[in-house]
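Throughout, residue positions are numbered sequentially from 1 according to the sequence presented.
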Amino acid sequence: MRKHVLFFLITFSFYQIGISQTCYSVIADFTGLDNSSYVSQIETASCELKNALPTEFQNDFKVFDFGFYSLSENMQGGFQTVWDNKVIPETTIRSKYYLLFGKQLHDSKGKSKLWVKTNLPNEGSFNCFTTTQFNLLENTLSAIGNNKLSNGINFYESELEVLNKLKTRILSMIECCSSNINRSVCSTCPSNQDIELFYSSNGFEVDEIKIIKENGLALQRVPSQSTNVLNFSNLIYNFEGNTTDPQAQVESLIESMNSDGRAKGIIIDNSSLCADPTQPSFRSSSTGNEAVALFNSGFEINGVDTRLVFHLFDEEDGSKPDKLYRNYLYAYKGILESSNLELSPTGVAPYKETQIESILTSVNNCTSADTLLEVTKNIDEDVYYSYKLENCNWVKKDLVMFNSVYPTPFDPDQYSIGKKSASKTLKTQAIPLIGGNGALVGSFYEYKPCGLCYDYTEGKKWSTSTETLMKIFYYNYSKFEFMKANKDQLFNSFVYGKGNKVVWTPTSNVSKELSAKSEIKSMLDDIEESIRSHFIVHKNLGKGFYNNDSLMQKIRNVTNTPDLSSLSNIWAYQMFGGLQGRAVKIVSFKKLGSNYGCNSTSTQTQKRYECEFILTLIDNFGLGQDEKWNIRGIPEQWTLQHYRNNYCCDDKAFSPVINHKIEFSRKFTFCTY
């Protein structure tokens with residue numbers, strides 16, 4: 001209700017608070033800032049900008065200002081929704097062409113922002129400017145204003161910088177498009193300065209490289225065709241002494257994501273962004289405009305979640321080093337609408353481990369010669385002991401349990417909930433590459449793509465709603481329908497479970513399905529054989545049995561972490577990810593009354609034994625502080641766990657399931673003398 005009331009107040013205020021000058025108008029201002037000492041300067045600069053336009057456009061142009069209400073941050077969609085759904089439409093009603101400012105005071109992260117939106121004519125004296133150039137112009141103005149703001153200059157002085165910059169650019173645009181001069185002096189390519197400013201202001205990483213040239217011209221290579229990479233460039237480059245073919249480089253990085261086609265690489269260069277790219281025979285697009293369209297859309301590709309963009313920036317005059325701009329971009333457009341969250345605070349997974357109530361064999365007809373060995377649960381403890389029949393009485397002996405060591409010990413604090421570091425670290429170490437298809441031997445950087453984790457928490461996407469993050473995570477986590485009911489239980493445990501462990505018992509569908517897999521079946525077979533052979537040698541369940549180093553080592557050797565990541569196990573991989581530990585526990589051991597099927601001789605008869613054990617595989621369903629990976633849904637899960645815990649549950653929402661377990665039971669019989 002509060003959100004609707006707030007939005008109504010903002011809407012109503014637009015028609016009550018507006019302050020208008022001849023060239024400059026304040027739509028509404030909820031910041032409380034005093035602009036009285038700047039109004040005349042901004043009005044003057046706005047009129048100079050307006051007068052710089054051709055006469056036919058001047059009456060349809062105005063500069064507008066809007067000051068965000070600080071509580072807009074807490075509305076659904078935050079400041080962006082107010083800007084897109086109210087401020088821009090309201091401005092469009094008031095003037096056909098405009099320059100619009102939005103002043104956002106310190107948010108919950110302590111950040112201020114100057115929002116900038118332009119709508120300029122694309123006809124008459126501006127008809128030679130491309131969509132790309134207009135888009136880059138708006139980005140440049142925003143970058144200039146916010147750069148001034150970050151350096152301690154106030155909002156109004158930053159706006160004056162933007163006004164003066166736009167006036168200068170409009171004058172040059174008019175000159176460029178004028179019919180009185182030779183159009184060839186005006187490039188259809190966007191300026192290098194605007195391209196660089198776009199990449200630097202949008203979080204792209206940059207390396208200095210040297211584009212390889214012969215006789216002053218870039219060495220031209222026909223890029224190989226790949227379904228994973230859209231290559232609009234024919235350039236190769238040298239980096240730290242190694243010649244690199246970006247085609248092979250990007251192909252390798254995309255293939256390493258194992259993304260089922262939902263990740264693409266994009267390689268462009270400066271000429272790719274021209275309206276009429278040169279040398280179209282080297283482009284993957286027959287029209288030569290596909291790279292331009294991709295750039296203007298923010299590199300959006302239908303059906304693709306992740307894009308790795310490489311831009312080879314050629315400083316043709318040699319005055320500065322060439323550069324490689326690169327970034328991982330994430331897209332989820334068109335997906336959330338079809339994703340319905342299966343949320344239920346009571347729909348959490350079971351958390352009790354299997355308890356086998358084995359009962360000691362009755363000894364009513366016992367004779368002192370009987371020497372039975374059995375295992376059963378101790379009444380007062382959740383552990384199992386061996387018992388030996390001595391003089392017709394069961395005597396408790398030793399604890400019977402095998403707990404193999406964790407192969408990769410982890411720090412429990414790493415998986416705790418609450419705010420953690422989201423520092424942006426994209427580049428790790430250089431590793432060699434030998435590309436296929438005639439690619440050159442070179443080197444490239446291996447990336448740890450945590451950029452979106454940073455964006456969601458400290459960067460440009462920090463205002464993304466918790467509900468949106470949940471939808472993205474759930475969509476990717478529950479994408480495959482098989483075992484969906486159990487995945488929903490685990491998902492709800494992550495949201496509402498408050499850290500309680502989750503155990504899939506041997507009777508669960510999860511255990512039954514996985515126990516049929518060869519990886520698990522072979523483990524159970526090997527454990528069975530280890531126990532059988534060891535008992536045949538030792539003939540007892542005392543300390544010499546369960547504490548024996550030989551048996552313990554056998555158990556460890558056969559319970560190495562299985563690989564559940566094959567395509568046939570994709571649902572298991574989604575639920576378990578990677579396995580951190582395993583344990584084997586003998587829960588029942590009896591000498592059976594019947595020796596059916598056992599061998600006998602004239603002097604002795606084999607005895608028949610029954611053993612039951614439980615194999616437990618252990619995982620952590622959650623993300624550690626540094627586990628920020630380029631896997632669809634992981635950046636969202638990481639952000640939920642470490643930054644959005646106030647969603648419910650006494651600030652314990654999105655708590656990782658530590659010691660997430662799956663149990664497999666095996667009962668077998670054998671004979672021995």
Side-chain angles (χ1 to χ4, degrees), residues 195 198-199 202-207 209 211 218 220-237 239 242-273 277 282-286 288-314 322-333 426-428 430-452 629-632 634-635:
I195 294 173
F198 170 80
Y199 286 129
N202 284 280
F204 277 66
E205 299 293 313
V206 62
D207 282 317
I209 60 173
I211 292 174
Q220 299 177 357
R221 288 170 53 85
V222 179
S224 62
Q225 298 300 312
S226 168
T227 57
N228 289 331
V229 179
L230 300 175
N231 192 351
F232 302 95
S233 174
N234 59 343
L235 304 179
I236 58 177
Y237 65 92
F239 178 68
N242 296 300
T243 300
T244 301
D245 180 356
Q247 173 79 31
Q249 180 179 358
V250 174
E251 278 184 14
S252 178
L253 288 168
I254 294 297
E255 289 171 3
S256 70
M257 296 180 189
N258 191 26
S259 66
D260 302 328
R262 298 190 69 85
K264 296 286 185 185
I266 301 170
I267 305 172
I268 61 175
D269 55 32
N270 295 28
S271 64
S272 303
L273 300 184
F282 289 100
R283 314 299 179 197
S284 63
S285 169
S286 59
N289 290 321
E290 185 179 350
V292 174
L294 275 172
F295 183 85
N296 290 336
S297 71
F299 301 104
E300 291 284 350
I301 304 175
N302 187 35
V304 173
D305 296 337
T306 307
R307 291 96 70 225
L308 172 58
V309 178
F310 269 35
H311 185 115
L312 298 164
F313 191 89
D314 185 1
D322 301 322
K323 299 180 181 67
L324 170 63
Y325 286 98
R326 49 184 167 72
N327 203 359
Y328 284 95
L329 303 176
Y330 304 81
Y332 299 99
K333 290 185 177 179
L426 286 176
K427 186 169 63 177
T428 55
I431 58 177
L433 166 70
I434 300 179
N437 301 319
L440 300 176
V441 177
S443 67
F444 72 99
Y445 277 93
E446 182 182 44
Y447 300 104
K448 185 177 183 181
C450 58
L452 193 56
W629 307 318
N630 183 35
I631 300 175
R632 297 185 302 278
I634 292 298

So does K323 pair up with D314, basic N to acidic O under 4.0 Å? no
Sorted by chain and residue number, the side-chain contact (heavy atoms from CB on, under 4.5 Å) partners of N228 (sequence neighbours excluded) come out as S226, I254, E255
**Message:** Parallel, tilted or perpendicular: which one describes the rings of H311 and Y325, with boundaries at 30° and 60°?
**Reply:** perpendicular
Taken in chain and number order and not counting sequence neighbours, the residues that satisfy ring-ring contact (aromatic ring centres under 6.0 Å, His included) with F198 are F295
Note to self: Assess the residue pair I266 and F310 against the criterion (side chain to side chain contact (heavy atoms under 4.5 Å, CB included)); give the C-alpha distance rounded to whole Å, side-chain angles, the decisive distance to 0.1 Å, and a yes or no.
What the structure shows: CA-CA 6 Å; I266 301 170; F310 269 35; over 6 Å; no
_side chain to side chain contact (heavy atoms under 4.5 Å, CB included) evaluation trace for L312 with Y237_ = CA-CA 9 Å; L312 298 164; Y237 65 92; 3.6 Å; yes
### Query
Would you say the side-chain atoms of D322 pair up with the backbone N or O of I211, donor to acceptor, closer than 3.5 Å?
yes
Any donor and acceptor pair, going by atom type alone, linking the side chain of K264 with main-chain N or O of V309 inside 3.5 Å?
no
Rounded to the nearest 0.5 angstrom, the CD-CG distance for Q247 and N234 is 11.5 Å
Scanning both residues in full, the closest heavy-atom pair of S233 with I268 reads CB-C, 4.1 Å
In terms of heavy-atom contacts, A291 and S272 come closest through CB-O, 3.7 Å
Of all heavy-atom pairs linking F313 and I195, the shortest is CE1-CG2, 3.9 Å
Closest non-hydrogen atoms of N202 and N327, given as atom of the first, atom of the second and distance, are O-ND2, 3.6 Å
Q. Are any side-chain N or O atoms of S252 and backbone N or O atoms of Q249, one a donor and one an acceptor, separated by less than 3.5 Å?
A. no
Practice item. Check whether any side-chain heavy atom of L230 lies under 4.5 Å from a side-chain heavy atom of I301, and answer yes or no. Key: yes
| query | Hey, is the main chain of F299 close enough, under 3.5 Å, to the side chain of R307 for a donor-acceptor pair? | reply | yes
Which of L294, V292, D269, I267 passes side chain to side chain contact (heavy atoms under 4.5 Å, CB included) with F232? Answer is L294
